[in-house]
Novice: 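Let me give you the structure first, and then I'll get to my questions.
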Amino acid sequence: MPEGHTVARSANHFNKNFAGQITLVTSPQGRFTDSALLDKRELSEAISLGKQLFLRFQEDYLRIHLGIYGKWSHQSGPIFSEPVGQVRARFIAGQQLSDLRGPTICEVIDQDQFRAHLIRLGPDPLWPDFDGSLQDRFVSRAIKSSTPIGQLLMDQSVIAGIGNVYRAEILFRAGLNPFLAGNKVSETKLIEIWADSVQLLRLGVETGVMLTRENFQKLSVSKEDRYQVYKREGLECRVCGGVVSIALMASRKLYWCGSCQK
DNA sequence: CATCGATGTTGAG
DNA sequence: TCAACCTCGATGG
């Protein structure tokens with residue numbers, strides 16, 4: 001159940017432990033019927049873009065999207081324990097084993113299809129942005145839209161990698177009302193949101209935890225203390241003491257503080 | 001033990 | 001707009 005930082009961590013794991021190696025690819029569950037196409041080939045590299053992970057096997061790509069249920073489990077050998085659950089795809093190289101369970105997408109695609117996905121997806125705050133063009137793509141897209149900013153942040157073609165937790169937390173940190181249309185948000189504010197996304201996602205990659213509170217202390221790792229507003233409906237806002245609200249926006253739960261986020 | 005819900009997306013209507 | 005997809009840990013009785 002990842003947002004972009006988790007997927008980036010998976011890519012890092014594959015680049016560290018599998019890249020450049022002949023990799024066994026199987027489907028213990030049997031539902032990944034194309035596993036044989038990749039079996040015993042070199043896993044060239046892993047690329048994360050938003051919530052999608054692409055494992056390149058020379059000229060072929062395995063596109064993986066965990067969706068809401070999917071999960072990775074990694075093990076180091078020489079002894080591998082049998083993990084619980086239905087394993088869609090299993091990867092083994094040397095002493096490393098990775099099991100993929102419950103993904104929405106696990107499909108082999110070619111280079112053209114890979115390029116199509118790159119084009120379709122919006123800018124990923126975790127990608128290097130030396131000339132600021134990724135930030136520009138986000139700002140210019142959001143500032144033209146009459147869609148609420150709370151929905152724009154969940155749109156993977158606007159910004160890739162933000163999910164329901166970061167959406168709520170970023171808007172709280174920006175003091176921005178989620179219902180405000182994108183074209184009513186100032187350019188300065190949009191740049192601030194992009195910069196905060198970069199900061200938060202990087203910290204998430206580094207720590208493996210979604211830290212969003214003021215001092216980023218890991219002391220706020222316990223579930224009750226972790227977030228500013230996410231899943232805190234009916235509780236006191238940590239800043240103003242008002243009540244945290246909840247509503248459905250595009251059928252996803254949205255959390256915000258009505259007085260901090262006017 | 002049964003039920004619920006989740007950091008997500010697609011596609012039918 | 002909403003059901004369907006798909007898995008399993010958390011929750012409650």
Side-chain angles (χ1 to χ4, degrees), chain A residues 1-11 27-33 48-54 63-74 81-90 98-107 109 113 116-122 124-126 147-148 150-173 178-179 196-197 200-213 220-234 244 246-256:
Chain A
M1 299 179 269
E3 296 195 17
H5 69 298
T6 316
V7 181
R9 285 171 66 89
S10 298
S27 179
Q29 176 199 50
R31 289 194 48 189
F32 172 36
T33 49
S48 62
L49 175 51
K51 298 170 188 169
Q52 320 223 4
L53 177 68
F54 299 91
R63 172 178 170 240
I64 295 164
H65 195 305
L66 294 183
I68 203 164
Y69 313 122
K71 225 172 223 173
W72 284 106
S73 60
H74 305 294
S81 65
E82 193 59 33
V84 291
Q86 299 286 302
V87 177
R88 180 76 55 86
R90 169 168 287 182
S98 294
D99 278 333
L100 173 64
R101 301 203 287 277
T104 294
I105 305 283
C106 175
E107 63 171 7
I109 59 174
Q113 294 171 301
H117 283 291
L118 293 192
I119 291 164
R120 191 176 52 78
L121 288 164
D124 183 336
L126 287 171
T147 302
Q151 231 171 292
L152 288 173
L153 290 185
M154 294 285 277
D155 183 337
Q156 300 301 299
S157 69
V158 173
I159 181 168
I162 302 299
N164 206 17
V165 179
Y166 278 131
R167 178 264 294 265
E169 299 290 290
I170 286 167
L171 289 173
F172 178 84
R173 291 162 58 84
F179 297 92
D196 201 36
S197 306
L200 292 183
L201 283 168
R202 280 186 187 164
L203 190 63
V205 173
E206 205 179 297
T207 62
V209 181
M210 301 173 90
L211 301 175
T212 61
R213 290 187 59 185
S220 54
V221 145
S222 81
K223 276 188 175 172
E224 297 71 38
D225 294 343
R226 181 159 312 158
Y227 303 121
Q228 302 276 19
V229 289
Y230 179 73
K231 271 195 177 167
R232 298 196 70 245
E233 73 272 25
V244 175
I246 183 170
L248 279 182
M249 178 181 272
S251 72
R252 300 300 302 278
K253 286 180 178 176
L254 169 69
Y255 306 85
W256 81 103

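Naming: A, B, ... by sequence-line order, numbering from 1 per chain. The structure displayed is predicted, hence computed values, not measured ones.
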Novice: Expressed in angstrom and rounded to an integer, what is the separation of I162(A) atom CD1 from dT7(B) atom C1'?
Specialist: 11 Å
Novice: Using a heavy-atom cut-off of under 4.0 Å over every strand shown, decide if Q29(A) touches base, sugar-phosphate, or nothing.
Specialist: sugar-phosphate
Novice: Locate the shortest heavy-atom distance separating G67(A) from T104(A); write the atom from each residue and the value.
Specialist: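 Here G67(A) and T104(A) meet closest at CA-OG1, 3.2 Å.
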Novice: Testing the basics here: between F54(A) and R63(A), what is the closest heavy-atom pair and its distance to 0.1 Å?
Specialist: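 Minimum heavy-atom separation between F54(A) and R63(A): CE2-CG, 3.7 Å.
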Novice: From the list dT7(C), dC2(C), dT10(B), which nucleotide is the closest neighbour of the side chain of R120(A)?
Specialist: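 The answer is dT10(B).
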Novice: Looking only at side-chain atoms of K51(A), point me to the closest of dG8(B), dT7(B), dG9(C).
Specialist: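 The closest nucleotide is dG8(B).
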Novice: What nucleotide, of dT7(B), dA6(B), dT9(B), holds the atom closest to the side chain of K253(A)?
Specialist: dA6(B)
Novice: Between Q86(A) and dC8(C), is there a contact of a side-chain N or O with OP1 or OP2 at under 4.0 Å?
Specialist: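 Checking dC8(C) against Q86(A), no side-chain N or O comes under 4.0 Å of OP1 or OP2.
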Novice: Using atom P in both nucleotides, what's the gap between dG13(C) and dG5(B) to the nearest angstrom?
Specialist: 13 Å
Novice: If only side-chain N and O atoms of K231(A) are considered, is one of them under 4.0 Å from the OP1 or OP2 phosphate oxygen of dT7(B)?
Specialist: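 Checking K231(A) against dT7(B): no side-chain N or O falls below 4.0 Å of OP1 or OP2.
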Novice: OP1 or OP2 of dT7(B) versus the side-chain N and O atoms of Y230(A): is any pair under 4.0 Å?
Specialist: yes
Novice: dA4(C) and dC4(B): how far apart are their P atoms, nearest whole angstrom?
Specialist: 16 Å
Novice: Using ring pair (Phe, Tyr, Trp, His ring centres under 6.0 Å) as the criterion, point out the one residue from Y227(A), F172(A), F179(A), Y230(A) that pairs with W256(A).
Specialist: F179(A)
Novice: Output the rounded distance in Å from CG (L211(A)) to P (dT7(B)).
Specialist: 18 Å
Novice: What's the closest nucleotide to the K71(A) side chain, out of dT7(C), dT7(B), dG9(C)?
Specialist: dG9(C)
Novice: Roughly, in whole Å, what's the span from CE in M154(A) to P in dA6(B)?
Specialist: 12 Å
Novice: Output the rounded distance in Å from CZ (R167(A)) to C1' (dA6(B)).
Specialist: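 Atom CZ in R167(A) sits about 14 Å away from atom C1' in dA6(B).
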Novice: Grab the two heavy atoms, one from L126(A) and one from G4(A), that are nearest each other, plus how far apart they are.
Specialist: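 Nearest pair, atom of L126(A) first, then G4(A): CD1-O, 3.9 Å.
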Novice: Measure across Q151(A) and M249(A) and return the closest heavy-atom pair with its distance rounded to 0.1 Å.
Specialist: N-SD, 3.6 Å
Novice: Is R252(A) near enough to dT7(B) that one of its side-chain N or O atoms lies under 4.0 angstrom from OP1 or OP2?
Specialist: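 Answer yes for this pair, as a side-chain N or O of R252(A) is under 4.0 Å from OP1 or OP2.
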Novice: Within this structure, what is the CD1-to-C1' distance between I68(A) and dG8(B), rounded to whole angstrom?
Specialist: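 About 5 Å, once rounded to whole Å.
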Novice: Checking side chain to side chain contact (heavy atoms under 4.5 Å, CB included) for the pair R226(A)/V209(A): CA distance, chi angles, key distance, verdict?
Specialist: CA-CA 9 Å; R226(A) 181 159 312 158; V209(A) 181; 4.0 Å; yes
Novice: Taking all non-hydrogen atoms of both residues, which atom of A168(A) and which atom of Y255(A) are closest, and how far apart?
Specialist: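 Nearest heavy atoms, A168(A) then Y255(A): CB-O, 3.8 Å.
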Novice: Taking only the side-chain nitrogens and oxygens of R101(A), find out if one of them lies under 4.0 Å from OP1 or OP2 of dC8(C).
Specialist: yes
Novice: dT9(B) C1' sits how many Å from Q156(A) CD, rounded?
Specialist: 9 Å
Novice: I'd like the P distance from dT9(B) over to dG9(C), given in whole Å.
Specialist: 22 Å
Novice: Within this structure, what is the CZ-to-C1' distance between R88(A) and dC8(C), rounded to whole angstrom?
Specialist: 14 Å
Novice: On the nucleotide dG8(B), are OP1 or OP2 found under 4.0 Å from the side-chain N or O atoms that H65(A) carries?
Specialist: no
Novice: Where does DNA chain B pair, written as one dot-bracket string 5' to 3', with Watson-Crick or G-U pairs under 3.5 Å, ( ) inside the strand, [ ] for crossing pairs and | for another strand?
Specialist: ||||||.|||||.
Novice: Say you pick atom P in dC5(C) and the same atom in dG13(B); how far apart are they, in whole Å?
Specialist: 13 Å
Novice: Figure out the CG/P separation between L248(A) and dA3(C), and round it to whole Å.
Specialist: 12 Å
Novice: Measure the CD-CG distance between Q86(A) and L100(A) for me, rounded to the nearest 0.5 Å.
Specialist: 12.5 Å
